[in-house]
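Letters A, B, ... are given to chains in the order of the sequence lines, protein chains preceding strands, and every chain is numbered from 1. Values below: every heavy atom of this structure, side chains too, minus hydrogens, waters and symmetry copies.
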Amino acid sequence: MSTALDSKIPPGPLEQKWDSFKIGAKLIAPNNKRKYTVLVVGTGLAGASAAATLAEQGYDVKAFCFHDSPRRAHSIAAQGGINAAKNYQNDGDSVERLFYDTIKGGDFRSREANVYRLAQVSASIIDQCVAQGVPFAREYGGLLANRSFGGAQVSRTFYARGQTGQQLLLGAYSALERQIALGAIKMYPKTEMLDVVVIDDHAKGIVVRDLVTGKVSSHAGDTVVLATGGYGNAYYLSTNAKGCNVTATYRAHKRGAFFANPCYTQIHPTCIPVEGDFQSKLTLMSESLRNDGRVWAPKAKGDKRNPSEIPESERDYYLERKYPAYGNLAPRDISSRAAKEACDEGRGVGESGLGVYLDFADSIKRFGVNVIREKYGNLFDIYRTITGEDAYTRPMRIFPAVHYTMGGLWVDYNLMSNLPGLHVLGEANFSDHGANRLGASALMQGLADGYFVLPYTIPVYLASIKKATQTYTTDHPAFKETEAAVNSQIQKLLSIKGKRTVTSFHRELGLLMWDKCGMARNDAGLKEALQKIPALREEFWSNVNVPGSGDCLNQSLELAGRVADFLEFGELMCRDALQRTESCGGHFREESQTEDGEALRDDANFAYVSAWEHKGVGTDPELHKEPLTFEKVHLAQRSYK
Amino acid sequence: MNFHLKIWRQRDANSPGQLEDHEAKDIPASASFLEMLDIVNEGVTMRGEEPIAHDSDCREGICGTCSLTINGVPHGNNKAGIATCQLHMRTFQDGETIYVEPFRAKAFPIVRDLIVDRSAFDRIIQAGGYVSVRTGSAPDANALPIPKQSADLAMDAAACIGCGACVAACPNSSAMLFTSAKMGQLSLLPQGQAERGRRTLAMVRQMDAEGFGNCSNVYNCSAVCPKEISASFIARMNRDYMLASVQDGLSANEVRSGE
Amino acid sequence: MFFGRWTSTRASGGGLRPPEMKLFALANTSIGKKWIVAITGLAFVGFVIAHLLGNLQIFWPNHGGPEHLNAYAEHLHDWAPLLWIARVLLIVFFVGHVYFTILLYRENRAARPQKYARPAKISASVPVMTMIVSGLILLTFVPFHLAHFTWKILRPEYRDFVDEAKRPDVYRMVVVGFSSWPISIFYIVSMGLLCMHISHGFSSVFQTFGIRNKLIAPVLDKGSYVLGWGLFLGNSLIPLSVLLGWVTWPAK
């Protein structure tokens, strides 16, 4: 396995890299494709679109998901929309502009070539989804509607009510189900991947557990595709679904795949605040609310008056004050941090003091309550359902929450990890969003990877292997060894029968991560976390209580395996945050800020991707650096003032 | 708040099940129903027993994973338009006895306790719930204008989260709301026309084969649907089905001879 | 099974392939059965309306009841082939309606082997939930009614009722028949069930035929309700009028 990071970016000018790659790319003959087995783990947007497309092309595909159906993947929860450089609004959008916005939004910590390709294929995604019957919003003329989203200055976001993620996932899911019906994909739902099998330094299979019967088994393939999402649940509370976890990517990491930029996490500014320690997850209120809502906090500390009793003069519309140009529409990381600052100063609202107001009174006065109801009625309903409060008459309380993780397994231009044969797609890889993701770009990346990138790049690897000697069955000793390791971990978890529940460990880790490696990080805090996490992990392995047995459906056991990984992975996040002493995007180091408290990048020393190599639990991982070079964009300090 | 829970426990599909009593104590009113179960389960685990298995994932009403019948009503005794994960304990009376059962249908065998196997829905989709389009072969998205009204109505149908509450609420465990929603979405759009007849026939055939009951126009399905999908889509499916049968019957021989 | 196997091959590039078609196997599918029940049910609604309109002639003003009712009854027998066609159709529809309803009912029962321990009323009203019960009771009413007035097995003496024009005296038969309290109450109760059955069944027909959406649904439901009540009142009025002495024989 090579330890030098070769990003395999094609030569030539940025605009022509993808085209020249496609012209020069290897192909697999149609009659040979079925001889290659592709194991796709995770069937959200990226996984389902990849599996369906590869099966359509003729590969032998096996797909795995831990849900009872691929339709339940958390891609479904994305509300806002999907970006594409269609320029249907004739407002000056182009591939160039989408590329530039994305790379600037990512605070210049992503790879130019990948982002450019993403912008190039974005338009095809919309074509593909429309053809599948995705009911995007339309104008009366019958053409597609767009809106501006996440601080973009053009309207390039396509949407399907507040359920864009759901509709896109159902499109990919239907393509997947069609291939299942055709016999081109064998689908394994309720099946969790627990390890990657590496033979001669190549990923050649996976070990999975059937979540219903508890049976641990292996699958051999010519290549493994991980599309298993992000690791936001390391914080316990996040907007991620309960099932989201780092297990697949982290266990691949332990088998040799480098983990890139684990400290890059996105905190979404508009979520419903935490109510109490029983709370199991956080609910996102779409960012679109900031188009008509004004964010404020009381000027005075500890002001517990009813918001209606606080006069205008005693309110601080801090986003409008600090960022007059963008005001309430400032990017996610900036808005989140500003909310945290207000709360840190003791000006937070709500019982916990962790919240700020998002006030619609002015918009209701200007447009009338019916206009607001038509635009945001469903969101106001959700808010009422959860909090019991009426946002038409009383400002919403919002607080930032962990939402998306930009970091992920390191991949080259072909979406292959440094571990040959292991491809990584969507949120699970690190490549396109740099240090901060723009709104409506996650769906774009997932589908770009699955529909339009991997199907072209996977032959690069497949054509390079020698079928005759590099094809293995699950009888190979490596499969037996990996299965044994998985089984022994399961048995160990079940045998401890300690005094604490899995959830209590997860919650404790989450609080620690939120506190020390959340919206703002500093040297002392991170070092403290690096002390505490191993101790917590040690306690977990001696005092966790996983009831029941391994030979049937056992949700505690599933969770225990995932939390065990978070307990190791959290350390990696902190370590990455500690070494990156600059602030960039979602990663804010208190030591690195401008005089007025803005994030201060350090391009001279940190224009690189940090890629960590696992060296054993409790042993320091090795940091590899992939330098980021920019031929097209000029590195500038982000300013939204 | 405190509640007496009567919860269905069943080890697997082949074991007998029964209601088991559990006490939920000191539950915050702002907890969701699933968080209440989480709290109960923490207690159960600490007592060394196996926690109550129940499904959930996104916990914001969109993934369709959570599936409880609460006091006889799928997704709980509240208004339509929410899933179990969005049901909050403040809507219950303090001290209330709450029955928690799985979604009941022959086509949804019990996996464990409150978790059921809804793969029948996937197989209905496999039968025809898609537009056959190869990746990369699509024309420009704006090449095909679609009236806003059709697109909006298609979106109403497409909002289905596949939770199965319609089946659980139907006295006949019929899956017609689910099936007709996917069919309705695709038959309202021009993209779905080429396969419309065959899709209709194939999806209904699969729905029947899965062992779901027949619609008797009771409309419990719409009443509990977290996405408030209208039973009008069932009417549309009934109509499409008969048209498709007739068309298919008339053209079947020609189609075969053309192959 | 019904439509043969849908063959799907990768060579075709996916997509749904045509089945081996068997048109009459439609009756084996869920929606096919619903259509049969709806069509036959609708035919019976038509029959019940016509039947009622004919019988309401008993109330013909100025003591015209006996004359009009008996003439109408005689008129129905004018042309035997037509009468027999109607009778055969009614029998076929009746058997079809009952047979397919029972098939559906059995499938529906089988679709939920384990009932809820605590069932709840969700949106279903009484008529909706008791379709099968009201249907089964009507099933006993129909032969009774036929045996009573058509075949006159229960009351052979009706066969001797003849009016002045030597026609069978249907008017007298009705008056004598409904003079019995238990029989009249049985008729009225049965008509109540019929009302319930039709008030759900009639609007259901539109759902099954696919002529229903959110806009017209309330109209259909209310119309169906009005139709059910109208049939109940109209049909019940006859035994009630006899019992209350409004209609007598000889007519006065």
Side-chain angles (χ1 to χ4, degrees), chain A residues 52-53 56 67-69 71-72 74 76-77 86 88 124 126-128 130-133 135-144 160-161 163 166-167 170 174-175 177-178 180-181 189 212 241-243 275-276 278-281 283 385-386 388 451-452 455 501 503 545 547-548 552-553 555-556, chain B residues 11-12 28 30-31 34-35 38-39 42 45-46 48-51 53 55-60 62-65 82 86 88 90 111-112 115 117-119 121-122 125-127 129-136 138-142 145-148 151 154-155 158-159 162 185-186 189 191-192:
Chain A
T53 305
E56 217 168 73
H67 292 97
D68 63 341
S69 162
R71 69 177 294 148
R72 309 213 191 280
H74 198 56
I76 207 162
K86 279 286 198 185
Y88 280 162
S124 311
I126 304 302
D127 299 341
Q128 175 67 16
V130 166
Q132 287 171 341
F136 283 119
R138 284 176 185 268
E139 298 162 351
Y140 281 101
L143 302 181
L144 290 157
R161 297 220 179 120
Q163 304 165 3
Q166 182 201 21
Q167 292 312 314
L170 292 181
S174 68
E177 294 295 325
R178 172 171 160 247
I180 294 171
V212 177
K242 291 300 286 175
E275 282 279 350
F278 61 87
Q279 193 155 341
S280 60
K281 88 148 257 160
T283 302
T385 304
I386 293 175
Y451 282 134
F452 297 108
T501 62
T503 306
N545 181 3
C552 59
L553 184 119
Q555 293 175 309
S556 306
Chain B
R11 193 170 167 78
D12 54 45
S30 55
L34 297 177
E35 285 164 349
D38 289 345
I39 295 171
E42 288 284 285
T45 305
M46 288 322 294
E49 298 160 25
E50 291 191 55
D55 249 347
S56 81
D57 199 34
C58 78
R59 299 207 174 187
E60 53 185 88
I62 192 71
C63 74
T65 309
I82 60 162
Q86 298 166 296
H88 285 74
R90 69 174 85 88
V111 175
R112 182 162 196 179
I115 300 179
D117 175 359
R118 288 166 286 188
S119 54
F121 274 7
D122 289 328
I125 299 296
Q126 282 163 25
Y130 47 76
V131 174
S132 298
V133 52
R134 198 175 292 105
T135 305
D140 185 84
N142 258 351
I146 300 173
K148 181 168 164 43
M155 182 61 224
Q185 176 203 344
L186 297 177
L189 297 172
Q191 301 92 307

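- Using a 4.5 Å cut-off between heavy atoms, B:Asp38 touches chain A through its side chain atoms alone.
- When heavy atoms are compared at a cutoff of 4.5 Å, B:Thr65 approaches chain A by way of both its backbone and its side chain.
- Ranking B:Met155, B:Gln191, B:Arg11 against chain A, the residue ahead of the rest is B:Met155, based on heavy-atom pairs under 4.5 Å.
- In this structure, A:Pro135 and B:Ala151 approach most closely via the heavy-atom pair CB-O, 4.0 Å.
- The greatest number of non-hydrogen atom pairs below 4.5 Å with chain B, out of A:Gln167, A:His67, A:Gln279, is found for A:Gln167.
- In terms of heavy-atom proximity, B:Ala141 sits nearest to A:Lys86 at N-NZ, 4.2 Å.
- Side-chain atoms of B:Ile146 and A:Phe136, non-hydrogen and from C-beta on, never get closer than 4.5 Å to each other.
- How far CD of B:Glu60 is from CD1 of A:Ile76: 10.0 Å, rounded to the nearest 0.5 Å.
- In this structure, chain A has heavy atoms under 4.5 Å from both the backbone and the side chain of B:Gln86.
- Between A:Arg71 atom CZ and B:Cys63 atom SG the span is 10.0 Å, to the nearest 0.5 Å.
- Counting heavy-atom pairs closer than 4.5 Å to chain A, the top-ranked of the candidates B:Ala53, B:Ser30, B:Pro28, B:Ala154 is B:Ser30.
- Both the backbone and the side chain of A:Thr53 come within contact range of chain B, with heavy atoms under 4.5 Å apart.
- For the set A:Val212, A:Leu170, A:Ile386, the entry with the most heavy-atom pairs within less than 4.5 Å of chain B is A:Ile386.
- Considering only heavy-atom pairs separated by less than 4.5 Å from chain B, the leading option among A:Thr283, A:Asn545, A:Thr501 is A:Thr501.
- Listed for the B:Arg112 side chain is a donor-acceptor partner under 3.5 Å among the backbone atoms of A:Leu553.
- For the options B:Pro147, B:Gly162, B:Gly48, heavy-atom pairs under 4.5 Å to chain A are most numerous at B:Gly162.
- What you find for B:Asp122 and A:Ser69 is that their closest heavy atoms are OD1-OG, 2.8 Å.
- Interface remark: B:Val133 contributes backbone and side-chain atoms alike to the contact with chain A (heavy atom separation under 4.5 Å).
- Not one N or O on the side chain of B:Gln126 forms a donor-acceptor pair closer than 3.5 Å with the backbone of A:Ile180.
- The contact between A:Leu144 and chain B is made by backbone and side chain atoms together, counting heavy-atom distances below 4.5 Å.
- Under the side chain to side chain donor-acceptor pair (under 3.5 Å) criterion, A:Gln132 pairs with A:Tyr451, not counting sequence neighbours.
- Taking A:Ser124, A:Gly276, A:Cys552 one by one and counting their heavy-atom pairs under 4.5 Å with chain B, the maximum is reached by A:Cys552.
- The side-chain heavy atoms of B:Ile115 and A:Gln555, taken from C-beta on, include a pair separated by under 4.5 Å.
- Residue contact with chain A, scored on non-hydrogen atoms closer than 4.5 Å, involves the side chain of B:Arg90 exclusively.
- Checked against B:Ile62 for a side chain to side chain contact (heavy atoms under 4.5 Å, CB included), the options A:His74, A:Gln166, A:Arg72 give a single hit: A:Gln166.
- For the salt bridge (charged side-chain N to carboxylate O under 4.0 Å, His left out) test, residues two or more places apart in sequence or in another chain that qualify with B:Arg118 are A:Asp68, B:Asp55.
- Of the listed residues (A:Gly133, A:Pro189, A:Gly243, A:Ser280), the greatest number of heavy-atom pairs within a distance under 4.5 Å of chain B belongs to A:Ser280.
- Residue contact with chain B, scored on non-hydrogen atoms closer than 4.5 Å, involves the backbone and the side chain of A:Gln128 alike.
- In terms of heavy-atom pairs under 4.5 angstrom with chain B, the leader among A:Glu275, A:Glu139, A:Gln163, A:Arg161 is A:Arg161.
- With a threshold of 4.5 angstrom between heavy atoms, A:Tyr88 approaches chain B through side-chain atoms but not through N, CA, C or O.
- With A:Arg178 contributing its side chain and B:Val131 its backbone, the two residues share no donor-acceptor pair below 3.5 Å.
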